[in-house]
Amino acid sequence: MTTQTLHPRVQVVWVLRAVLLSALVTAPFVGGAYLEYLPRWAPVAVGAVVLTLTVAHALLRYRRWSYEIREDAIYLDRGVITQVRTTVPLVRIQHVDSRRGPIERTVGLASCVVYTAGSRGADVRIPGLTPDGASDLREELKRLAIRADGEDAV
């Protein structure tokens with residue numbers, strides 16, 4: 001299989017999260033300016049800097065996210081500041097879910113979550129898939145995991 005990228009609409013979700021984060025970080029500066037502890041320009045400056053950085057991070061995150069399904073493992077490549085490359089052997093897969101949160105449903109996206117044997121929190125999430133794409137990926141991973149480890153794999 002070739003390297004896959006995420007659906008472009010995931011950028012909308014990540015940019016909305018960036019805007020929300022920027023608003024939360026800027027709020028105390030707005031309060032400080034309102035109470036005249038800070039100059040009036042401080043919240044605008046902080047808000048502009050935080051918004052620029054978080055939106056840029058969201059857009060770069062999209063450009064750096066890719067995955068590949070091979071006969072032996074799932075390979076994920078992601079990260080903006082720290083590049084993370086993850087390999088999940090198919091024989092380690094316990095079960096696979098497709099998931100759609102409220103924001104994902106709003107923009108018509110889904111995620112595929114792969115739970116693995118091993119350590120606590122050993123799961124891998126592939127965001128930014130269409131609902132049909134998430135279901136297809138779930139079924140493909142199930143099929144490959146069963147083939148890799150026998151009928152009791154998933």
Side-chain angles (χ1 to χ4, degrees), residues 1-34 41-90 92-145 153-154:
M1 182 178 220
T2 61
T3 300
Q4 302 291 315
T5 58
L6 305 180
H7 195 285
R9 279 189 301 224
V10 76
Q11 294 175 95
V12 173
V13 175
W14 291 345
V15 166
L16 287 174
R17 286 182 185 159
V19 169
L20 179 60
L21 176 64
S22 299
L24 290 173
V25 169
T26 305
F29 292 90
V30 171
Y34 178 76
W41 56 264
V44 174
V46 169
V49 168
V50 172
L51 183 64
T52 300
L53 291 174
T54 56
V55 168
H57 182 269
L59 297 175
L60 286 172
R61 181 180 177 198
Y62 170 75
R63 292 182 66 200
R64 307 261 200 233
W65 227 111
S66 64
Y67 68 96
E68 186 175 355
I69 310 298
R70 295 187 192 161
E71 294 296 320
D72 63 333
I74 306 167
Y75 298 88
L76 299 119
D77 195 2
R78 61 203 187 281
V80 176
I81 296 169
T82 302
Q83 188 174 20
V84 179
R85 290 186 174 154
T86 305
T87 302
V88 179
L90 295 175
R92 304 291 290 170
I93 293 177
Q94 295 293 304
H95 66 281
V96 184
D97 292 337
S98 53
R99 184 178 292 172
R100 295 184 75 195
I103 296 173
E104 288 176 317
R105 282 194 305 269
T106 302
V107 296
L109 294 176
S111 297
C112 188
V113 184
V114 180
Y115 298 91
T116 61
S119 62
R120 182 174 58 103
D123 60 313
V124 174
R125 181 173 176 261
I126 301 172
L129 304 170
T130 63
D132 289 340
S135 293
D136 292 346
L137 181 58
R138 184 188 70 234
E139 292 303 316
E140 180 182 4
L141 290 173
K142 175 184 170 186
R143 181 182 53 77
L144 289 170
V154 178

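As a basis for the values below, the full set of heavy atoms in this structure was taken, side chains included, without hydrogen atoms, waters or symmetry mates.
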Notebook entry, point to check: Can you find a side-chain donor-acceptor pair between Ser22 and Thr54 that sits under 3.5 Å?
Noted result: yes
Item checked: All pairs passing salt bridge (Lys or Arg N to Asp or Glu O under 4.0 Å) where residues 102-112 contributes a residue, at least two apart ->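 For residues 102-112, and leaving out neighbouring residues, the salt bridge (Lys or Arg N to Asp or Glu O under 4.0 Å) pairs sorted by first residue read Glu104-Arg125.
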If you look at every heavy atom in [X] and [Y], which pair is closest and at what distance?
| X | Y | answer |
| --- | --- | --- |
| His7 | Tyr62 | O-CE1, 3.6 Å |
| Ala110 | Ala134 | CB-CB, 3.8 Å |
| Arg70 | Leu144 | O-CD1, 4.0 Å |
| Glu140 | Ile69 | OE2-CG2, 4.0 Å |
| Pro127 | Ser111 | CA-OG, 3.6 Å |
| Val25 | Pro28 | O-CD, 3.3 Å |

Checklist line | Listed partners of Tyr115 passing ring-ring contact (aromatic ring centres under 6.0 Å, His included), at least two apart | finding: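 If we apply the ring-ring contact (aromatic ring centres under 6.0 Å, His included) test to Tyr115, skipping adjacent residues, the hits are His95.
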Rounded distance (nearest 0.5 Å) linking atom [atom1] of [X] with atom [atom2] of [Y]:
| X | Y | atom1 | atom2 | answer |
| --- | --- | --- | --- | --- |
| Arg78 | Arg85 | CZ | CZ | 11.5 Å |
| Leu6 | Thr130 | CG | OG1 | 11.5 Å |
| Leu90 | Arg143 | CG | CZ | 10.0 Å |
| Ile126 | Cys112 | CD1 | SG | 5.5 Å |
| Asp132 | Leu137 | CG | CG | 12.5 Å |

Check: Looking only at atom types and distance, does a side-chain atom of Arg138 sit under 3.5 Å from a main-chain N or O of Asp97, one as donor and one as acceptor?
Finding: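 Flag not set: sc Arg138 to bb Asp97 has no pair under 3.5 Å.
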Notebook entry, point to check: Is the side chain of Arg100 donor-acceptor paired with the backbone N or O of Leu109 at a distance under 3.5 Å, no angle test?
Noted result: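 At least one qualifying donor-acceptor pair exists.
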Item checked: Listed partners of Asp72 passing salt bridge (charged side-chain N to carboxylate O under 4.0 Å, His left out), at least two apart ->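 For Asp72, no residue satisfies salt bridge (charged side-chain N to carboxylate O under 4.0 Å, His left out) once neighbours in sequence are set aside.
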Next item on the list: Would you sort out whether Arg61 and Val10 count as a side-chain contact (heavy atoms from CB on, under 4.5 Å), showing the intermediate values?
Entry: CA-CA 10 Å; Arg61 181 180 177 198; Val10 76; over 6 Å; no
Item checked: Test side-chain contact (heavy atoms from CB on, under 4.5 Å) applied to Val80 and His57, step by step -> CA-CA 7 Å; Val80 176; His57 182 269; 3.8 Å; yes
Is the number of heavy atoms from other residues, nucleotides or ligands under 6.0 Å of [X] [atom1] greater than 12?
| X | atom1 | result |
| --- | --- | --- |
| Leu24 | CG | yes |
| Arg63 | CZ | no |
| Tyr75 | OH | yes |

Is the shortest side-chain heavy-atom distance between [X] and [Y] below 4.5 Å?
| X | Y | value |
| --- | --- | --- |
| Trp14 | Leu59 | no |
| Gln4 | Thr2 | yes |
| Tyr67 | Leu129 | yes |

Next item on the list: Start with the C-alpha gap between Ile74 and Val124, add the side-chain angles, then the distance that decides, and say whether side-chain contact (heavy atoms from CB on, under 4.5 Å) holds.
Entry: CA-CA 10 Å; Ile74 306 167; Val124 174; 5.7 Å; no
